[in-house]
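The shown structure was predicted, so the numbers you read here are calculated from the model rather than taken from an experiment.
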Amino acid sequence: MKPKQQKPADSLVNRFNENVAVKMTIMFGSIWCVYVFFLFSLVPAVVPQWQNTLLYISNCIQLVALPALMVGNAVLSRGADRRAAEDHQALLEILGDVREELADLKDKTAGLARSANEALQRPEMTDVSISDQTIVNMDEPGQPQNNA
């Protein structure tokens, strides 16, 4: 069976519903909402005869707000999950680049170490002949010897 194709109207309705849920989640999560509900809770102290009506309104708000908050949180977490997956992929690419650079540096330093070892393995020359007549003794600097 093929998956059911989504109609453009369904997509528009879903986007609208998700936007409303996110807006409600943001609104109910604000400090202004806390202030409004605090004032709402003080009304029965001022006007006791409205208590039953306010309890009914309070229950209606809870019945609407709870599902809206759940949907809004689900929509927001999907966005966070998508960003986390993108960040994970980017970090994996960076890690691959770092590993390539590290391998390249290891090769270069190994080559330098080999060159240094080869240079240290050469026999030391104490006398250097510059011409047929002059020999410079490297053990005693500044004192050329003449073999003429």
Quick one: are [X] and [Y] in side-chain contact, heavy atoms under 4.5 Å?
X     : Y     : answer
Phe37 : Trp32 : no
Val34 : Ile31 : yes
Leu12 : Phe16 : no

Mind listing the closest non-hydrogen atom pair of [X] and [Y] along with its distance?
X     : Y     : value
Ser41 : Pro44 : O-CD, 3.4 Å
Leu69 : Met24 : CD2-O, 4.4 Å
Thr25 : Ala68 : OG1-O, 3.5 Å
Ala21 : Val71 : CB-CG1, 3.5 Å

Could you give the distance from [atom1] ([X]) to [atom2] ([Y]), rounded to the nearest 0.5 Å?
X      : Y      : atom1 : atom2 : answer
Arg78  : Asn73  : CZ    : CG    : 11.5 Å
Cys33  : Ile26  : SG    : CD1   : 13.0 Å
Ile61  : Tyr56  : CD1   : OH    : 11.5 Å
Leu102 : Thr109 : CG    : OG1   : 9.0 Å
Asp87  : Leu92  : CG    : CG    : 11.0 Å
Arg82  : Glu86  : CZ    : CD    : 6.5 Å

Next item on the list: Could you give me the CA-CA distance, side-chain angles and deciding distance for Asn19 and Val22, then say whether side-chain contact (heavy atoms from CB on, under 4.5 Å) is met?
Entry: CA-CA 5 Å; Asn19 284 338; Val22 168; 5.6 Å; no
Notebook entry, point to check: With sequence neighbours excluded, what pairs up with Lys108 under the salt bridge (Lys or Arg N to Asp or Glu O under 4.0 Å) test?
Noted result: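 Here the qualifying residues are Asp104.
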Next item on the list: Could you work out the complete set of other residues in the hydrophobic cluster of Leu105, with links drawn between I, L, V, M, F, W and Y side chains under 4.5 Å apart?
Entry: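 Members alongside Leu105: none; it stands by itself.
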Checklist line | Val43 and Leu39: CA distance, side-chain angles, deciding distance, side-chain contact (heavy atoms from CB on, under 4.5 Å) verdict | finding: CA-CA 7 Å; Val43 171; Leu39 293 175; 6.0 Å; no
Is there a path of hydrophobic side-chain contacts, each under 4.5 Å between heavy atoms, that joins [X] and [Y]?
X     : Y     : value
Val75 : Val13 : no
Val20 : Leu76 : no
Phe40 : Leu55 : no
Trp50 : Leu42 : no
Val47 : Leu54 : yes

Notebook entry, point to check: Is the number of heavy atoms from other residues, nucleotides or ligands under 6.0 Å of Met70 CE greater than 12?
Noted result: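 Open: at most 12 neighbouring heavy atoms sit under 6.0 Å from CE of Met70.
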Check: Can a salt bridge be assigned to the pair Lys23 and Glu18 using a cut-off of 4.0 Å between side-chain N and carboxylate O?
Finding: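 No, this pair does not count.
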